[in-house]
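Notes follow the structure.
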Protein chains: 2
Amino acid sequence: MIERENINFQLREIDEHLKAAISVDCVIFGYDQSELKVLTLECNMAPYVGMPSLIGDLVNEDENLDQAATRILYERTGISDIFLEQVKAFGETDRHPLERVVTIAYYALIKVDEFKNDNGALRQHQAKWSPLNQLEEMAFDHRLILESSLHLLRKRLIEYPLWMKLLPKYFSLPDLQNLFEAILGTTLDKRNFRKKISNLELVREVGKMQKDVPHRPAKLYAVNEKKLKKDFSFLLQNPFIN
Amino acid sequence: MIERENINFQLREIDEHLKAAISVDCVIFGYDQSELKVLTLECNMAPYVGMPSLIGDLVNEDENLDQAATRILYERTGISDIFLEQVKAFGETDRHPLERVVTIAYYALIKVDEFKNDNGALRQHQAKWSPLNQLEEMAFDHRLILESSLHLLRKRLIEYPLWMKLLPKYFSLPDLQNLFEAILGTTLDKRNFRKKISNLELVREVGKMQKDVPHRPAKLYAVNEKKLKKDFSFLLQNPFIN
DNA sequence: TTTCTTAGTGTATTTGGTACACTATCTAAA
DNA sequence: TTTAGATAGTGTACCAAATACACTAAGAAA
């Protein structure tokens with residue numbers, strides 16, 4: 001009797017109770033050597049027709065949340081083995097017009113040109129890169145989800161070298177600084193930035209120079225894979241942080 | 001036609017698809033002038049019978065996630081108007097033995113003696129304060145949820161004065177240091193701790209002394225409400241952080 | 001050869017964190 | 001009343017990291 005009561009207490013009338021659809025929304029940030037962008041679809045659901053929406057999908061029965069996010073990222077961009085991190089859950093009662101849908105937001109950061117828009121499913125749905133400042137109005141609560149995700153991305157950029165896959169094999173320090181400035185939305189002092197990067201020991205000179213630039217060429221660097229594996233192996237091996 | 005396809009894409013076959021129960025698990029940390037504890041129930045569901053579990057409940061149809069967490073905290077402890085923050089969502093497919101249940105974890109930090117175990121529903125279910133080091137085995141994935149929540153609590157303790165409601169009206173600096181040490185699980189240097197507290201300007205001397213202690217009495221302090229409202233009003237007014 | 005453009009460099013200051021040991025005050029017991 | 005025990009309270013020196021700030025160097029193009 002006691003036991004039965006407790007079961008009910010811990011999973012109160014599970015069959016009669018609210019069951020919600022569970023979705024994952026991926027905030028896929030892209031960097032293209034100039035600007036931070038987000039991958040969006042054009043929403044076709046009233047009352048949000050025509051507004052940009054994030055890329056999301058329902059969670060399948062046989063996958064956990066991280067797996068769903070990984071699948072969605074792969075299905076929509078062709079990218080796998082990338083760092084994906086959960087932002088948080090969003091569960092307003094009216095956040096979806098048709099039904100109660102609780103969504104779990106994830107973010108990822110990729111090179112814009114790694115995403116090829118020749119994928120049938122995506123072309124059909126007009127996925128495109130939207131610059132952040134053009135996204136004032138979004139479908140559902142996606143503007144809020146975007147802001148929370150951007151906030152987390154910016155915190156993480158300083159803690160973890162999320163940028164390591166965003167640049168070509170060889171890059172200059174001004175390239176790297178532009179990347180930071182685009183993502184953080186600020187300008188940075190050149191000397192202090194270089195001092196900090198130098199202290200991290202995450203890049204190494206490769207003894208080459210930029211070519212075909214109409215000004216003084218910059219020295220080229222590459223990611224220091226040894227240091228990266230030593231200090232941040234979780235970013236490479238395991239796409240999830242707990 | 002295009003429109004119909006897109007609706008399906010964005011909410012793929014919503015009626016046929018996975019619907020999960022949504023629960024909220026509250027990690028209610030308590031401090032009692034000596035030790036950090038967590039409020040737990042004794043689980044009665046196989047295969048976890050007898051193990052401690054966190055305090056959770058299913059989310060109602062008419063409440064969002066934050067409201068559900070607030071309700072659960074209130075129902076189980078009688079406490080409202082306290083800072084509650086979402087930790088993250090946990091959604092392993094097999095995390096619940098009966099059914100797919102996605103849970104959203106929240107944490108709160110309260111005084112142990114604010115929770116009176118004379119609430120009928122709770123007494124019936126043996127809610128009790130468990131010291132953290134006695135919680136190696138827990139029901140479901142609650143050990144993982146506890147660890148994630150503790151990690152966040154410790155980060156927040158340094159960023160935000162979550163401790164302001166945990167001490168009596170008048171307290172000594174050694175009291176405050178004990179609180180920090182209990183929550184962080186470390187010892188702290190007395191002089192450096194006092195320097196830091198002093199810089200924060202969050203406590204003020206009240207010109208009184210401890211009484212009836214068998215040693216040199218300490219000066220008493222109180223929370224500096226002005227500074228708290230100025231810098232951390234969100235901790236008082238709005239129980240949620242975005 | 002001059003001009004334009006971007007690359008590259010160092011120092012001084014401040015701030016925050018850390019390491020560290022002795023004196024002061026009260027109670028209780030001898 | 002003296003002494004022992006317990007806890008309160010205090011300051012300085014060092015180091016690391018963040019910040020502010022301005023000129024010279026190298027190449028391309030005119």
Side-chain angles (χ1 to χ4, degrees), chain A residues 33-35 154-161 163 167-168 170-222 224 227 231-232, chain B residues 33-35 154-161 163 167-168 170-222 227 231:
Chain A
Q33 313 268 29
S34 69
E35 198 179 6
R154 286 175 172 167
K155 276 208 308 193
R156 292 298 191 233
L157 187 67
I158 292 162
E159 295 171 332
Y160 307 149
W163 45 267
L167 292 170
Y170 301 133
F171 53 88
S172 68
L173 293 185
D175 289 340
L176 188 55
Q177 183 170 347
N178 289 337
L179 186 160
F180 270 73
E181 291 179 338
I183 295 177
L184 297 177
T186 56
T187 58
L188 300 169
D189 180 87
K190 185 164 43 164
R191 279 170 293 190
N192 293 339
F193 177 78
R194 293 162 94 103
K195 197 192 305 177
K196 188 160 188 173
I197 291 296
S198 166
N199 286 339
L200 292 176
E201 298 177 86
L202 281 165
V203 301
R204 52 171 234 277
E205 271 191 58
V206 292
K208 303 184 182 191
M209 305 290 282
Q210 275 182 331
K211 284 193 175 165
D212 303 320
V213 287
H215 53 76
R216 176 175 176 178
K219 287 184 197 169
L220 294 179
Y221 293 76
N224 179 348
K227 179 75 173 173
D231 293 355
F232 298 99
Chain B
Q33 313 269 30
S34 69
E35 198 180 7
R154 286 175 172 167
K155 276 207 309 190
R156 291 299 191 233
L157 186 67
I158 292 161
E159 296 171 332
Y160 308 149
W163 45 267
L167 292 171
Y170 301 132
F171 53 88
S172 68
L173 293 185
D175 289 340
L176 188 56
Q177 183 171 347
N178 288 339
L179 186 160
F180 270 73
E181 290 179 338
I183 296 178
L184 296 178
T186 55
T187 58
L188 300 169
D189 179 88
K190 185 164 41 163
R191 282 171 289 192
N192 294 338
F193 177 78
R194 293 163 94 103
K195 197 193 307 176
K196 189 160 185 170
I197 292 295
S198 167
N199 285 339
L200 292 176
E201 297 176 86
L202 282 165
V203 301
R204 51 170 235 277
E205 271 191 58
V206 293
K208 303 185 182 190
M209 305 290 282
Q210 274 182 332
K211 284 191 174 164
D212 303 320
V213 287
H215 51 74
R216 176 175 176 178
K219 289 185 196 167
L220 293 180
Y221 293 76
K227 179 74 175 175
D231 293 355

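Proteins get letters first, then strands, A, B, ... in listed order; numbering begins at 1 in each.
- One interatomic measurement links the two molecules: CG of A:Asn199 to P of D:dT19, which rounds to 13 Å at whole-angstrom precision.
- In this structure, A:His215 places its NE2 atom 10 Å from P of C:dG8, rounding to the nearest Å.
- Checking C:dA19, D:dA29, D:dT10 against the side-chain heavy atoms of B:Lys195 singles out C:dA19 as nearest.
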For B:Lys227 and B:Val203: C-alpha separation, side-chain torsions, deciding distance, then whether side-chain contact (heavy atoms from CB on, under 4.5 Å) applies.
CA-CA 9 Å; B:Lys227 179 74 175 175; B:Val203 301; over 6 Å; no

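- Atom-to-atom, CD1 of B:Ile197 to P of D:dA8 comes out at 15 Å; the value is rounded to the nearest Å.
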Audit row: B:Gln33, B:Leu167, side-chain contact (heavy atoms from CB on, under 4.5 Å) steps and yes/no
CA-CA 8 Å; B:Gln33 313 269 30; B:Leu167 292 171; 3.7 Å; yes

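- Minimum heavy-atom separation, A:Leu173 to A:Phe193: O-CE2, 4.0 Å.
- One interatomic measurement links the two molecules: CD1 of B:Ile158 to P of C:dG16, which rounds to 15 Å at whole-angstrom precision.
- Take the nearest nucleotide of DNA chain C for A:Pro217 and for B:Val213: the residue whose nucleotide is more 5' is A:Pro217.
- In this structure A:Lys190 satisfies the side-chain contact (heavy atoms from CB on, under 4.5 Å) test together with A:Gln177, A:Arg194, sequence neighbours excluded.
- Listed candidates were D:dA26, C:dC26, C:dA28. Nearest to the side chain of B:Pro214 is C:dA28.
- Annotation for A:Phe171 and A:Leu176: closest pair CE1-CD2, 4.4 Å, computed over non-hydrogen atoms.
- Residues B:Ala182 and B:Ser34 come closest through the heavy atom pair CB-O, 3.9 Å.
- Atom C1' of nucleotide D:dA28 and atom CG of A:Asp212 are separated by 11 Å, given to the nearest angstrom.
- B:Arg216 contributes no side-chain N or O that forms a donor-acceptor pair with the base of D:dA6 under 3.5 Å.
- DNA chain D is contacted by A:Asp189, A:Arg191, A:Asn192 of residues 174-194 of chain A, taking any non-hydrogen atom closer than 4.0 Å.
- Listed pair B:Lys219 / D:dT10 meets the phosphate criterion, a side-chain N or O lying under 4.0 Å from OP1 or OP2.
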